[in-house]
Amino acid sequence: MKILANDGISKAGKKALEEGGQELLENKIPQEELADFINQNNVEVLLVRSATKVRQDLIDACPSLKIIGRGGVGMDNIDVEYARGKGIKVINTPSASSRSVAEMVFAHFLSLARFLHESNRMMPLEGESKFNDLKKSYSKAVELSGKTLGVIGFGGIGKEVVKMAIAFGMQVKVLTTKARTESISLKFFDGQRVDFQIETTDNMEEFLKDLDFLTINTPKTDGYLIDNEQFKMMKDGIFIVNTARGGVINEKSLIDAIEAGKVAGAALDVFEEEPTPALSLLMNPALSLSPHLGGNTVDAQEKIGTELAEQIIELSKSYK
């Protein structure tokens with residue numbers, strides 16, 4: 001099959017596709033020129049990440065498309081049901097980047113808990129002249145061990161977050177749409193393994209009331225999961241991380257909650273107004289910020305490329 005990886009693909013994915021007898025094009029085509037390129041080159045498989053949008057107009061304009069692949073979890077940049085209604089297979093890699101995103105969650109939690117996000121800003125400016133003052137201002141740091149972590153969403157990323165939380169010695173609560181019980185396993189370097197039974201809840205108020213830390217790990221939602229009402233349910237001094245999607249948390253309400261002392265600190269890897277986050281967020285010293293880097297590790301990209309390649313090679317058999 002002829003494949004266009006418009007947002008790139010890892011070397012491992014490229015190698016797997018080529019060894020599987022597929023023809024790979026790695027051109028980066030602007031959105032407005034994409035339909036013409038697909039048609040002129042008879043592209044059958046379009047691979048994207050978050051940059052390229054695959055909407056109804058593109059799908060209608062490209063009759064040669066048989067497969068649309070999304071490197072990553074969320075597929076909100078693709079009109080999935082419309083494409084499937086046209087007989088196009090739509091695939092993604094829901095587990096390939098889970099570990100990388102979960103590690104980003106804890107990178108931000110540790111940064112917030114130890115004021116690293118702020119000290120990294122201030123040390124170059126005042127480290128030489130106000131070293132002791134800075135040391136004193138960051139003296140109220142906290143450990144993660146023994147604290148209660150709330151996890152919204154229990155898919156691949158949520159489960160990886162829970163595993164890490166257990167390893168840190170945290171108490172864990174999980175919120176899902178419907179309450180359920182699932183088993184997760186922690187596997188160690190020497191072959192040992194420990195299984196845990198996790199009981200989730202669907203009661204938001206009960207879930208939020210005693211959390212020290214909160215992470216959101218859900219797909220894109222129609223409205224805010226966390227807004228003024230939910231902030232009122234939380235105890236003072238909570239730390240929050242959002243690596244899910246912009247729009248699951250009301251950013252204005254978050255700023256208000258920080259100023260009121262309800263939220264001690266928060267981290268955002270995703271924003272309502274990507275790629276131009278509000279200045280009020282960028283300048284707030286209580287926020288730890290990153291530019292949508294959750295799944296952006298070499299390891300995750302290798303897994304994503306390989307997983308996409310395996311799915312395409314398998315699906316290509318049905319088109320012969």
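- Using modelled atom types, one side-chain atom of Gln22 and one backbone atom of Gly20 make a donor-acceptor pair closer than 3.5 Å.
- The salt bridge (Lys or Arg N to Asp or Glu O under 4.0 Å) pairs that include a residue from residues 275-303 number zero, where partners must be two or more places apart or lie in different chains.
- Checking side-chain atoms of Glu19 against main-chain N and O of Ala16 turns up no donor-acceptor pair under 3.5 Å.
- Side chain of Glu259 to main chain of Asp256: no donor-acceptor pair is present (N/O by atom type, distance under 3.5 Å, no hydrogens or angles).
- At a cut-off of 3.5 Å, with distance as the only test, a side-chain donor of Asn217 or Thr215 sits close to an acceptor on the other residue.
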Starting from the C-alpha separation in whole Å, work towards a yes-or-no answer on side chain to side chain contact (heavy atoms under 4.5 Å, CB included) for Thr200 and Thr181.
CA-CA 6 Å; Thr200 78; Thr181 300; over 6 Å; no
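- Rounding to the nearest 0.5 Å gives a distance of 5.5 Å between CZ of Phe154 and CD of Glu182.
- Atom NE2 of His117 sits about 12.5 Å away from atom CG of Leu110, to the nearest 0.5 Å.
- In this structure the side chain of Met233 never reaches within 4.5 angstrom of the side chain of Ile226, judged on heavy atoms.
- Pro219 is not listed as a side-chain neighbour of Val73, based on a closest heavy-atom distance of 4.5 Å or more.
- Ser119 places a side-chain N or O within 3.5 Å of a backbone atom of Phe115 that can act as its donor or acceptor partner.
- Inter-residue side-chain proximity for Val48 and Ile78 is flagged as met; some heavy-atom pair is nearer than 4.5 Å.
- No donor-acceptor distance shorter than 3.5 angstrom exists from the side chain of Glu23 to the backbone of Met1, with no hydrogens or angles considered.
- Both the sub-6.0 Å distance and the 45° axial angle are not jointly satisfied by Lys147 relative to the ring of Phe213.
- When the shell of 6.0 Å around CZ of Phe131 is examined, it contains 12 or fewer heavy atoms from other residues, nucleotides or ligands.
- Minimum heavy-atom separation, Glu307 to Ser95: OE1-OG, 3.8 Å.
- Side-chain N or O atoms of Ser137 include one that pairs as donor or acceptor with a backbone N or O of Leu134 at under 3.5 Å.
- In this structure, Asp222 places its CG atom where only 12 or fewer heavy-atom neighbours from other residues, nucleotides or ligands lie under 6.0 Å away.
- Leu211 and Ile216 fall within the same hydrophobic cluster, where Ile, Leu, Val, Met, Phe, Trp and Tyr residues are linked whenever their side-chain heavy atoms come under 4.5 Å apart, directly or through other members.
- Residues Leu293 and Pro291 meet the side-chain proximity criterion, which asks for heavy atoms closer than 4.5 Å.
- Here the side chain of Ser10 pairs a donor or acceptor atom with the backbone of Gly13 at under 3.5 angstrom.
- Note on Arg99 versus Glu160: salt bridge recorded, some NZ/NE/NH1/NH2 to OD/OE distance being below 4.0 Å.
- What you find for Asn250 and Phe231 is that their closest heavy atoms are O-CE1, 4.5 Å.
- By the criterion of side-chain heavy atoms lying less than 4.5 angstrom apart, applied directly or through intervening Ile, Leu, Val, Met, Phe, Trp or Tyr residues, Leu25 is grouped together with Val54 in one hydrophobic cluster.
- Contact of the Leu214 side chain with the Leu149 side chain is not registered, since no non-hydrogen atoms from C-beta on lie closer than 4.5 Å.
- The two residues Arg114 and Val142 come nearest to each other via the heavy atoms CD-O, 3.9 Å.
- Note that the CD atom of Gln40 and the CD atom of Glu33 stand 9.5 Å from one another [nearest 0.5 Å].
- Side-chain polar atoms of His292 and Ser50 form no donor-acceptor pair below 3.5 angstrom.
- Hydrophobic clustering of Ile, Leu, Val, Met, Phe, Trp and Tyr side chains at less than 4.5 Å, counting indirect connections, unites Val241 with Val161.
- Of the possible donor and acceptor atoms, none in the side chain of Lys66 sits under 3.5 Å from a partner among the backbone N and O of Val45.
- Using a 4.5 Å heavy-atom cutoff, the side chains of Asn296 and Gln301 are in contact.
- Between atom OG of residue Ser183 and atom CG of residue Asp195 there is a gap of 4.5 Å, rounded to the nearest 0.5 Å.
- Taking the side chain to side chain donor-acceptor pair (under 3.5 Å) definition, one finds that Glu206 meets it with Lys209, sequence neighbours left out.
- No hydrogens or angles considered: nothing links the side chains of Thr148 and Asp210 as a donor-acceptor pair under 3.5 Å.
- Met170 is not connected to Met104 by any chain of hydrophobic side-chain contacts under 4.5 Å among Ile, Leu, Val, Met, Phe, Trp and Tyr, and they are in different clusters.
- Atom-to-atom distance recorded for Arg193:CZ and Lys187:NZ is 5.5 Å, nearest 0.5 angstrom.
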Dump the intermediate steps for side chain to side chain contact (heavy atoms under 4.5 Å, CB included) on Ile240 and Val263, then the final yes or no.
CA-CA 8 Å; Ile240 300 174; Val263 175; 3.9 Å; yes
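- To the nearest 0.5 angstrom, Leu208 atom CG is 7.0 Å from Ile238 atom CD1.
- There is no side-chain donor-acceptor pair under 3.5 Å between Glu229 and Tyr224.
- By the 6.0 Å contact criterion, CD on Glu128 is open, its count of non-hydrogen atoms from other residues, nucleotides or ligands being 12 or less.
- The two residues Tyr82 and Asp60 have their closest heavy-atom pair at OH-OD1, 2.7 Å.
- We find that Glu26 and Lys14 are joined by a salt bridge, their nearest charged nitrogen and carboxylate oxygen being less than 4.0 Å apart.
- In this structure, Asp212 pairs ionically with Lys235, as a charged nitrogen and a carboxylate oxygen lie closer than 4.0 Å.
- Summarising the geometry of Ala264 relative to Gly237, their closest heavy-atom pair is CB-O, 3.5 Å, with the distance given to 0.1 Å.
- Salt-bridge formation is detected for the pair Asp76/Arg245: a Lys NZ or Arg NE/NH1/NH2 atom is positioned less than 4.0 Å from an Asp or Glu carboxylate oxygen.
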Give the C-alpha distance, both sets of side-chain angles, the deciding distance and a yes or no for side chain to side chain contact (heavy atoms under 4.5 Å, CB included) between Thr93 and Gln311.
CA-CA 9 Å; Thr93 58; Gln311 292 184 70; 4.1 Å; yes
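- Although no hydrogens or angles enter the test, the distance criterion places a donor-acceptor pair under 3.5 Å between the side chain of Ser64 and the main chain of Val43.
- A salt bridge (Lys or Arg N to Asp or Glu O under 4.0 Å) with Asp79 holds for exactly one of Arg70, Lys86, Arg84, Arg55; it is Arg55.
- In the displayed structure, Lys89 atom NZ is contacted under 6.0 Å by at most 12 heavy atoms of other residues, nucleotides or ligands.
- Note on Val298: it does not cluster hydrophobically with Ile9, by side-chain heavy-atom contacts below 4.5 Å among ILVMFWY residues.
- More than 12 heavy atoms of other shown residues, nucleotides or ligands fall within 6.0 angstrom of atom CD in Gln31.
- The 12-atom threshold is not exceeded at CD of Glu273, counting heavy atoms of other residues, nucleotides or ligands nearer than 6.0 Å.
- Within a 6.0 Å sphere centred on NZ of Lys252, other residues, nucleotides and ligands contribute 12 heavy atoms or fewer.
- Looking at Ile312 and Ile3, their side chains come closer than 4.5 Å, going by heavy atoms from C-beta outward.
- Listed by chain and residue number, Phe106 satisfy the ring-ring contact (aromatic ring centres under 6.0 Å, His included) test with Phe168 (two or more places apart in sequence, or in another chain).
- With respect to Arg180 and Asp202, no salt bridge is recorded, no charged nitrogen being found less than 4.0 Å from a carboxylate O.
- You'll find the side chain of Thr52 stays beyond 4.5 Å of the side chain of Ile29, heavy atoms only.
- Of all non-hydrogen atoms in Gly295 and Ser100, the two that sit nearest each other are CA-CB, 4.2 Å.
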